[in-house]
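All ligand and atom numbering here is 1-based and tracks the order in the structure. We number each residue from 1, following the sequence as shown. On a predicted model such as this, the values are computed, not experimentally measured, just so you know.
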Amino acid sequence: MKIKLIFCERRVLELIITVTLNPALDKTINTNKFIFGQVNKVEKSIQDPGGKGINVSKVLKNIDNINLAIGFIGGNNGEIIVQSLKQMGIEEKFTSIKANTRMNIKIIDGATGETTDLNERGEYIQKNELEEFLSQYKEIVRKGDFVVIAGSVPRGIPDSIYYILSKYAETVGAKVFLDTSGNYLKEALESKVFLIKPNIDELEEVVGKKIHSQDEILDECRKLLDSKDISNICLSMGSRGAMLITKDYVLKAKVPIVAVKSTVGAGDSLLGGIVSYLDKGCSIEEAFKCGVAASVVAVTKEGTKAPNLSEIIKMMNEIQVVKEVL
Ligand SMILES: Nc1ncnc2c1ncn2[C@@H]1O[C@H](COP(=O)(O)OP(=O)(O)OP(=O)(O)O)[C@@H](O)[C@H]1O
Ligand SMILES: O=P(O)(O)OC[C@@]1(O)O[C@H](CO)[C@@H](O)[C@@H]1O
């Protein structure tokens with residue numbers, strides 16, 4: 001593992017930075033059976049700090065990777081998130097905003113195991129708040145860093161924001177890991193990105209067409225890798241596992257059948273596991289296996305909870321990664 005000395009005023013070596021512009025306090029509501037349009041009895045509800053970058057930070061912390069969480073935070077919900085991160089021992093340097101950070105509701109139907117997400121858009125970010133964040137970002141990100149940019153973007157911020165952040169990282173020599181969708185993803189792909197983690201819907205959105213088979217997935221990913229400056233596409237496919245596609249080969253991983261408690265944050269655990277093991281100096285194959293294992297453990301946990309190291313290592317024994325040369 002790279003030795004990293006922290007912080008924040010004087011930091012010496014490389015760092016993993018997670019960027020969550022639109023964090024959320026995730027409220028998970030468990031019902032025995034969720035019936036739309038009727039009164040539903042809540043069996044249990046819990047709250048977790050959430051937002052995709054923050055979830056990646058939680059995984060990294062559990063696997064012992066020092067990392068710094070940044071983005072926007074405000075109000076009561078923001079305070080709860082910051083306190084939770086402190087308790088977990090996660091370093092943060094969020095930019096304070098006037099508005100309250102959003103709350104996202106996750107409804108779990110105990111009968112089907114399905115999750116329904118009600119995600120708020122996130123309040124407006126003021127111009128001065130964005131400027132403060134950008135100047136802090138530029139102070140923090142340095143050569144050799146891993147920058148994980150993930151999730152949606154709150155109102156008041158241009159579509160080009162992830163392009164701006166990624167281009168800056170490229171300029172200073174930091175590696176970018178990106179997990180977002182829509183225009184934010186499309187625009188960011190005009191910069192150099194080390195890895196993107198779309199699900200099928202997000203991939204279809206980027207390539208502008210429906211994808212029906214695995215051959216088509218590989219074709220479309222190869223076209224994307226040829227036309228953009230992306231090194232790796234990690235495609236998450238829910239209970240069908242994941243693939244990691246490069247110009248030369250594809251890694252395929254199936255996942256075991258597990259008792260699912262909540263799928264929220266599974267994709268973030270996949271990304272977190274990959275980033276963690278790459279940071280420890282492992283090969284992309286090992287890192288991918290770690291990510292897949294982390295994501296499988298994540299779905300067995302209630303709410304938006306991150307898998308821990310021993311659970312991930314145990315699960316890695318059950319994940320087979322097959323490599324096919326393209
Ligand atoms: N039902 C499941 N059983 C086992 N593993 C699962 C299941 N659902 C998801 N996973 C694992 O989690 C990974 C990520 O899941 P998914 O493709 O749903 O991510 P996502 O769409 O990015 O989700 P999110 O945005 O909520 O994190 C999958 O590639 C798989 O490894
Ligand atoms: O609205 P976004 O930013 O796309 O997604 C937000 C979110 O659903 O993503 C995480 C799970 O991946 C949750 O913690 C959080 O509520």
For a distance cut-off of 3.5 Å, show me each N or O of ligand 1 paired with any protein N or O, plus the separation.
from, atom 1, to, atom 2, distance (Å)
ligand 1, 12 (O), Ser295, OG, 3.3
ligand 1, 17 (O), Ser236, OG, 2.9
ligand 1, 17 (O), Gly238, N, 2.9
ligand 1, 19 (O), Ser236, OG, 3.4
ligand 1, 21 (O), Asn199, ND2, 2.9
ligand 1, 22 (O), Lys197, NZ, 3.0
ligand 1, 25 (O), Lys52, NZ, 3.0
ligand 1, 27 (O), Gly267, N, 2.8
ligand 1, 29 (O), Gly241, O, 2.9
ligand 1, 31 (O), Ser295, OG, 2.8

Should Lys44 and Glu302 count as an ion pair when the cut-off is N to O under 4.0 Å? yes
Examine Phe94 and Ile161 and state if one hydrophobic cluster contains both, with Ile, Leu, Val, Met, Phe, Trp and Tyr joined whenever side-chain heavy atoms are less than 4.5 Å apart. no
Under a 4.0 Å heavy-atom cut-off, what residues line ligand 2? Asp26, Gly50, Gly51, Lys52, Asn55, Arg102, Asn104, Lys106, Asn119, Gly151, Ser152, Val264, Gly265, Asp268, Thr304
Is it true that Arg222 and Asp219 have a side-chain N and a carboxylate O under 4.0 angstrom from each other? yes
With Lys305 via salt bridge (Lys or Arg N to Asp or Glu O under 4.0 Å) - residues at least two apart: Asp48
Do you see a donor-acceptor pair shorter than 3.5 Å between the side chains of Lys52 and Asn55? no
Out of the candidates Thr263, Thr304, Thr115, Asn119, only one should pair with Lys106 under the side-chain hydrogen bond (donor to acceptor under 3.5 Å, both in side chains) rule; please name it. Asn119
Result block: side-chain N/O donor-acceptor pairs under 3.5 angstrom for residues 313-326, not counting sequence neighbours:
from, atom 1, to, atom 2, distance (Å)
Lys323, NZ, Glu285, OE2, 3.0
Glu324, OE1, Lys252, NZ, 3.2
Glu324, OE2, Lys252, NZ, 3.3

Please tell me whether Gln83 and Gln87 have a donor and an acceptor in their side chains that are separated by less than 3.5 angstrom. no
For Asp215 and Ser213, which I'm curious about, is there any donor-acceptor pair between the side chains at under 3.5 Å? no
